[in-house]
Amino acid sequence: MERLKMMPKLDIKLPFMKKKKKKKKLYEQYKDSLLTYLTSPSKIDRHPDYIKIDKFHRIIASVNYPRVVDPGWLTRLIEMNLDFDLSIHIKPYPIESSISMLESEIKKQKTDLYALEAEGKIIPQSLIQKHQDTIALLNQIQQGREKMFDMSLYIDAKSYDKKGLDKITSRIKASMASIMISPKVPSYQMYTALRSVLPIGCDELHLTRNITSSAAAACFPFAITSLEHHATGILIGFNQVNNIPIVIDPFELSNPNVLVLGTSGGGKSYCIKLMLMREFMEGVDINVIDPQAEYTDLTKRFEGKVIRIAPDSDTVINPLDLMGQSYDEKKLSLLSFFRVLMGELTETQRAILDDCIDSTYEDAGITRDP
Ligand SMILES: Nc1ncnc2c1ncn2[C@@H]1O[C@H](COP(=O)(O)OP(=O)(O)O)[C@@H](O)[C@H]1O
Ligand SMILES: [Mg+2]
C-alpha cells in the first residue's frame, strides 16, 4: 500500500482512453463573434480628413496651449451645444525625466539668450519670460510642489453629412481658438485619431504637451454649475447651451415653490403637467386647484379624484376630514378656516363654534382620545 502511494502517477493517454470531446454549446461557440457582430460598425470609410462610421467623424487635435490657464478654462469648449466628444489624456511624466528635461531646456534657453546678447540684438521679452517660467517650474518640481504630466486633447466632431461636418469643424476650431488652443486636423491619420478619442484610454495619436499639476487640475471642464442636481430630484429639462440634464427636487430647496414663466402657448402648462407626473411617480401627493378644468383628464388617467366645487355639484371637500392630523391640530386649523369663511369672530362666537365642532365630531364617533 505504501509503495503504491510512492509510485509516480502515470499519465499515459491511449487512443481508446481518450475522452469524448464535449460539443461546445452554440452560444459558447459564437459568444465572442456575436459580441463583435453586435458592437462593431458594418463599415468604416476612411478619408484623408474624415472617417465615416454611420456618422461622419473628424478629429481635431490641440497642438498648442495658452501659457497660463484658469480653473475650468475648458468650460467654453464643453458648453458648445454641438455633436462632439472630447477626449483628454493625462499621463504622469517621471520626475527624474522632468528635471533633466527642464535642465537641458534651461541650458538651451541660456545659450540662445547669450547668443542674442553677443550679437548685440534686442532680446524679445517673451524669451526672457519663458526662461524665467522654466526656472520657476524647475524649482517647484524640485521642491515637490508641482509634477509634470503629458497631456493631449482631441475632439471628435460628428455629423450626419459632410457639409454639416465642415460647419461643425469650423465652429469647434473657432471655439478652441477663442481659448488660445491651436486646433489641427491630423490629415491621413483619422483612424488612429479616432482610436485616440474612444473611451479605451489609448492615445495613439500622441500629440502631447507637457503640463504641470496645477494646469492639469484646471483642465477639468466638468465643474460647471449646471451639473448640480439633487439625488431625489425629477428631470426638469436640459440646459439649452450644453444639453446637460437639470434634475431638481423642489422639496430640497429652502423654499419649495416653483414659478413657471413664458409666453402664452410656450408650454408652461405642459411643463407643469410633466413635473406633476414625474413627482407623482416619486410618490408625492398632488393637489391641483384648477379653475379651468385643465387637469381633469390627467387626474382621471392617474386614477385621481376630481372634486368639482359648484352649487349643483355632487362632490364636496370635507374640511372636517382629519387627513392624518391630530384632533387638536385639526381643530386649530378649522378655527382658522371658519375665520377665513366668516371673518373675525367674537369670543362668544368662537366658543359656540368650538362646541359645535366637538359635537359634530362626536356624532361621527370621533373624539379627542384616539
Ligand atoms: N415640450 C413639448 N412637447 C410637445 N408639445 C408641447 C410641448 N410644450 C408644449 N406643447 C404643446 O404646445 C401647446 C401649448 O402648450 P401649453 O402648455 O398649453 O402652453 P402655455 O400653458 O404656456 O400657454 C400645447 O398644445 C402643448 O401640448
Ligand atoms: Mg397654460
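Values in this document were obtained by computation on a predicted structure and should not be read as measured data. Each ligand, and each atom within it, is numbered from 1 in the order the structure gives.
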Do Ser213 and Glu146 meet the criterion of a side-chain donor-acceptor pair at a distance under 3.5 Å? yes

Closest protein heavy atom to atom 23 (O) of ligand 1, given as residue, atom name and distance to 0.1 Å: Gly265 N, 2.7 Å

With rounding to the nearest 0.5 Å, note down the distance linking NZ in Lys163 to CD1 in Ile168. 15.5 Å

Does the N or O separation between Gly267 and ligand 1 drop below 3.5 Å for any pair? yes

May I ask you to check if any N/O/S atom from Ser269 comes under 2.8 Å of the Mg ion (ligand 2)? yes

Do the side chains of Lys91 and Asp203 get close enough for a salt bridge, i.e. N-O under 4.0 angstrom? no

Using a 3.5 Å distance criterion without hydrogens, assess whether the side chain of Ser313 forms a donor-acceptor pair with backbone atoms of Arg308. yes

Give a yes/no on ligand 1: does Thr263 have at least one heavy atom closer than 4.0 angstrom to it? yes

Is the closest heavy-atom distance from Gly262 to ligand 1 below 4.0 Å? no

Ranked by distance from atom 22 (O) of ligand 1, the top protein heavy atom is Lys268 N, 2.7 Å

Looking at Ser269, which atoms of ligand 1 are within less than 4.0 Å of one of its heavy atoms? 17 (O), 20 (P), 21 (O)

Relative to each other, are the rings of Tyr65 and Trp73 parallel, tilted or perpendicular (30° and 60° limits)? perpendicular

Taking all atoms of both residues into account, what is the closest heavy-atom pair of His206 and Tyr154, and its distance? N-OH, 3.3 Å

Quick one: look up the protein heavy atom nearest atom 27 (O) of ligand 1 and list residue, atom name and how far away it is. Tyr270 CD1, 3.7 Å

Would you tell me whether Gln189 and Thr192 have side-chain atoms, one donor and one acceptor, within less than 3.5 Å of each other? no

Ligand-side contact atoms (ligand 1) for residue partner Ser264, heavy atom cut-off under 4.0 Å: 23 (O)

Does atom 25 (O) of ligand 1 have any protein heavy atom closer than 4.0 Å? no

